[in-house]
Amino acid sequence: IAVVVFKMPYTQLKRYYKQHLHEIDIMLPYYLKSLEILIQHYTVPVALGKSINDAPDIFKPGLRILIDKINAGDSTIDPYMEFANTYPVRDSMRMMRLLYRLGLGSQEKKQERLLMFSRTVSNLQHKARETKYKERLGYMESQTMIMLVVTGLGVMIIILISMMLMFSM
């Protein structure tokens with residue numbers, strides 16, 4: 001019983017992430033794009049704070065923790081990596097490292113880093129769009145196959161019924 005009580009929160013968390021991983025994977029690039037726009041005008045910690053209201057609901061708890069740690073004076077990469085570990089999707093570690101580096105350094109290097117961040121976010125958005133289109137295409141293909149099978153079975157049943165009627169006369 002002790003093992004079950006000990007393992008239950010972990011398994012619940014694991015199940016939650018498996019259910020929401022796909023949603024997180026698709027939403028993260030779009031959130032990062034809106035964050036990129038804010039970073040052009042504000043520092044990274046301020047932009048993170050301002051973005052929390054517009055962030056997808058699934059990211060809000062992790063963002064609050066990230067912002068609280070940064071505001072508490074943690075200027076290391078650890079809060080960013082914890083956020084990336086909390087939402088372990090495609091390129092989240094790399095994006096958080098880029099975000100951390102974007103918050104460091106002078107204004108001259110900020111533009112250069114912002115361009116690199118922007119290109120990476122655009123690539124992630126492209127991958128997310130591709131994934132959505134593939135899912136939609138797969139769904140449409142399956143619907144088409146179902147329609148073809150149902151139509152084929154219907155025609156076969158009609159032919160069988162007509163043949164049975166012809167032979168019974």
Side-chain angles (χ1 to χ4, degrees), residues 4 7-40 44 47-67 77 79-102 112-169:
V4 171
K7 286 281 192 175
M8 187 172 290
Y10 172 74
T11 54
Q12 288 174 340
L13 185 66
K14 192 174 177 182
R15 187 178 27 217
Y16 173 82
Y17 281 123
K18 281 185 180 180
Q19 290 171 349
H20 293 88
L21 194 63
H22 181 69
E23 181 184 351
I24 293 168
D25 196 26
I26 288 177
M27 294 175 105
L28 185 65
Y30 296 102
Y31 167 69
L32 289 173
K33 192 64 167 178
S34 68
L35 188 62
E36 172 197 333
I37 293 166
L38 286 171
I39 290 173
Q40 291 174 3
V44 172
L48 283 168
K50 288 189 177 282
S51 73
I52 200 162
N53 293 331
D54 299 326
D57 292 334
I58 203 159
F59 296 130
K60 286 183 181 181
L63 280 172
R64 284 191 182 97
I65 293 169
L66 173 66
I67 292 166
I77 197 169
Y80 295 91
M81 289 297 105
E82 286 176 23
F83 181 84
N85 286 329
T86 305
Y87 304 100
V89 293
R90 169 180 43 218
D91 295 331
S92 64
M93 290 286 202
R94 189 175 78 173
M95 294 310 297
M96 288 300 118
R97 277 195 297 276
L98 281 171
L99 212 77
Y100 172 72
R101 282 190 221 125
L102 197 55
E112 184 180 309
R113 289 181 182 144
L114 190 59
L115 283 173
M116 185 170 58
F117 184 75
S118 177
R119 279 194 301 268
T120 308
V121 168
S122 294
N123 287 339
L124 281 176
Q125 275 187 314
H126 180 69
K127 288 177 187 176
R129 259 186 248 114
E130 246 178 44
T131 303
K132 271 174 121 174
Y133 292 146
K134 282 181 184 176
E135 286 173 357
R136 195 175 301 147
L137 183 63
Y139 176 75
M140 294 305 289
E141 284 176 352
S142 68
Q143 292 297 313
T144 303
M145 288 305 294
I146 289 171
M147 286 176 20
L148 285 172
V149 167
V150 168
T151 304
L153 287 174
V155 168
M156 287 175 59
I157 289 171
I158 291 173
I159 290 173
L160 280 172
I161 291 172
S162 64
M163 286 175 53
M164 287 172 50
L165 287 174
M166 285 174 77
F167 288 124
S168 65
M169 289 184 181

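- S51 meets the side chain to side chain contact (heavy atoms under 4.5 Å, CB included) test with Y31, L35, L38; sequence neighbours excluded.
- One finds the CE atom of M96 at 6.0 Å from the CG atom of L28 (value rounded to the nearest 0.5 Å).
- Listed by first and then second residue, the side-chain hydrogen bond (donor to acceptor under 3.5 Å, both in side chains) pairs that reach into residues 115-124 are K33-S122, E36-S118, sequence neighbours excluded.
- Side-chain contact between V44 and Y80 is present, with at least one heavy-atom pair separated by less than 4.5 Å.
- Identified under the side-chain hydrogen bond (donor to acceptor under 3.5 Å, both in side chains) test for residues 131-156, with sequence neighbours left out: H22-E135.
- A heavy-atom distance below 4.5 Å is found between the side chains of I39 and L114.
- Between M116 and E112, every side-chain heavy-atom pair lies at or beyond the 4.5 Å cut-off.
- Taking CG of L32 as the start and CD1 of I37 as the end, the distance is 11.5 Å to the nearest 0.5 Å.
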What donor-acceptor contacts under 3.5 angstrom involve side-chain atoms of residues 54-67, with partners at least two apart or in another chain?
residue : atom : partner : partner atom : Å
D57     : OD1  : K60     : NZ           : 3.4

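- Looking only at distances, no side-chain donor or acceptor of R101 sits under 3.5 Å from a matching main-chain atom of R113.
- Shown here are the side-chain hydrogen bond (donor to acceptor under 3.5 Å, both in side chains) partners of Q125, two or more places apart in sequence or in another chain: there are none.
- Looking at residues two or more places apart in sequence or on another chain, you find no salt bridge (Lys or Arg N to Asp or Glu O under 4.0 Å) involving K50.
- Legend: residues meeting ring pair (Phe, Tyr, Trp, His ring centres under 6.0 Å) with F83, ordered by chain and number and at least two apart, are Y87.
- If you take OG1 on T86 and CE on M81, they are separated by 11.0 Å, rounding to the nearest 0.5 Å.
- To the nearest 0.5 Å, atom CZ of residue F117 and atom CZ of residue R94 are 10.5 Å apart.
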Counting only pairs under 3.5 Å, give me each side-chain donor-acceptor contact of residues 157-166, with atom names and distances, residues two or more places apart or in other chains.
residue : atom : partner : partner atom : Å
S162    : OG   : I158    : O            : 3.2
S162    : OG   : I159    : O            : 2.8

